[in-house]
There are 2 protein chains.
Amino acid sequence: MKLSTKGRYGVRAMIELALRYGEGPIALKNVAESQSISDHYLEQLMGSLRKAGLVVSVRGAQGGYMLNKEPGNIRLSNIIRALEGPIAPVDCVTDEPGEEICEQMDTCVARGAWLRLRNAMVEVLDNITLQDLVEETKNIKEDETDNYMYYI
Amino acid sequence: MKLSTKGRYGVRAMIELALRYGEGPIALKNVAESQSISDHYLEQLMGSLRKAGLVVSVRGAQGGYMLNKEPGNIRLSNIIRALEGPIAPVDCVTDEPGEEICEQMDTCVARGAWLRLRNAMVEVLDNITLQDLVEETKNIKEDETDNYMYYI
DNA sequence: AACAATCCCGACTTAAACAATGGGGATTAT
DNA sequence: ATAATCCCCATTGTTTAAGTCGGGATTGTT
């Protein structure tokens with residue numbers, strides 16, 4: 001029941017981009033460095049985020065990545081789904097189409113439980129946007145004037 | 001963000017025991033067969049459940065396992081914790097003691113989000129007992145008179 | 001035009017976790 | 001005694017996670 005590094009790194013990188021929203025393309029190298037993530041690995045994640053339409057890339061010198069929407073319109077659920085796939089504690093409660101997997105779905109008493117679990121998870125992740133996290137970052141910055149690093 | 005077979009099999013096995021609560025020890029072999037789980041593998045899981053105090057075992061011929069509490073007092077969270085460890089989407093929001101892991105915890109803006117996620121998950125799993133699932137099984141049995149198998 | 005800074009992409013590697021399997025020992029009802 | 005159980009440790013095979021490697025394509029800068 002853990003997120004993998006994909007989800008964790010991805011959220012960190014997206015927060016970074018959200019903090020610098022409006023500054024034009026940010027080179028992946030910068031994000032990777034400031035977040036202590038292998039830049040080659042982060043590259044893969046950014047690829048997924050781009051394909052999901054959450055970021056756009058600018059190639060060539062002075063290129064980089066930027067958010068494709070306002071931070072207030074990017075939800076944690078979007079990021080997690082792009083990087084880890086459907087949010088679902090078990091395969092039989094995926095919202096993706098064409099997922100059946102278990103023939104006993106209709107008579108499975110546990111499925112109701114997993115469904116409730118999934119809905120609770122989605123509810124939380126749908127209701128946290130990058131904007132929320134940016135604002136929280138500013139609050140922390142006010143409190144502690146040293147730095148605003150955030151690792152997960 | 002998926003449960004492993006440990007959690008899924010474990011819940012299935014515990015539902016089975018809950019359905020037969022009061023009948024004395026149920027041989028692991030029966031549970032494994034009726035749930036199509038490798039009995040040797042299920043043995044390991046039952047070991048964990050026993051150590052967690054959720055079931056008791058009776059050794060020797062005619063032995064087996066039974067719930068150690070009433071089904072209404074065993075929550076899905078108990079089962080999941082026993083088999084999969086702490087319920088937490090990331091390590092830094094574990095409720096277990098002595099878990100620090102990340103030095104930046106105080107200034108991490110994402111941690112608040114993970115904390116909300118974890119609380120939502122725990123809330124759901126704390127509020128579903130085996131008794132709830134047993135009752136649901138009976139409802140399903142009323143509807144569909146064929147069988148009451150439930151795989152996950 | 002040359003160059004360097006970027007993104008882009010597929011293949012590969014390593015390590016860990018998952019999901020069992022196997023063998024043998026201890027306990028106990030019949 | 002015997003067979004049915006639980007108990008425990010070690011081993012194996014498979015999959016996934018996490019990261020590495022190398023090279024190609026694009027583009028601003030000089």
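Just so it is clear, the structure is predicted and the values come from calculations on it, not from any experiment. Each chain gets a letter, A, B and so on, in the order its sequence line appears, and its residues count up from 1.
By the side chain to side chain contact (heavy atoms under 4.5 Å, CB included) test, A:Q44 pairs with A:Y41, sequence neighbours left out. For A:E123, the side chain to side chain contact (heavy atoms under 4.5 Å, CB included) partners at least two apart in sequence or on another chain are A:N127. B:E43 is linked by a side chain to side chain contact (heavy atoms under 4.5 Å, CB included) to B:L28, B:H40, counting only residues two or more places apart in sequence or in another chain. Residues that satisfy the salt bridge (charged side-chain N to carboxylate O under 4.0 Å, His left out) test with B:R75, not counting sequence neighbours, are absent from this structure. For A:N78, there are no side-chain hydrogen bond (donor to acceptor under 3.5 Å, both in side chains) partners, not counting sequence neighbours. With sequence neighbours excluded, no residue satisfies side chain to side chain contact (heavy atoms under 4.5 Å, CB included) with A:N119.
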Q: Can you check each nucleotide of nucleotides 4-18 of chain C against protein heavy atoms at under 4.0 Å and return B for base, S for sugar-phosphate only, - for none, in 5' to 3' order?
A: -BBBBB---------

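A 4.0 Å heavy-atom criterion places the boundary nucleotides of DNA chain D facing chain B at D:dA4 to D:dC8, written 5' to 3'.
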Side-chain donor-acceptor pairs of residues 47-65 of chain A under 3.5 Å, sequence neighbours excluded:
none

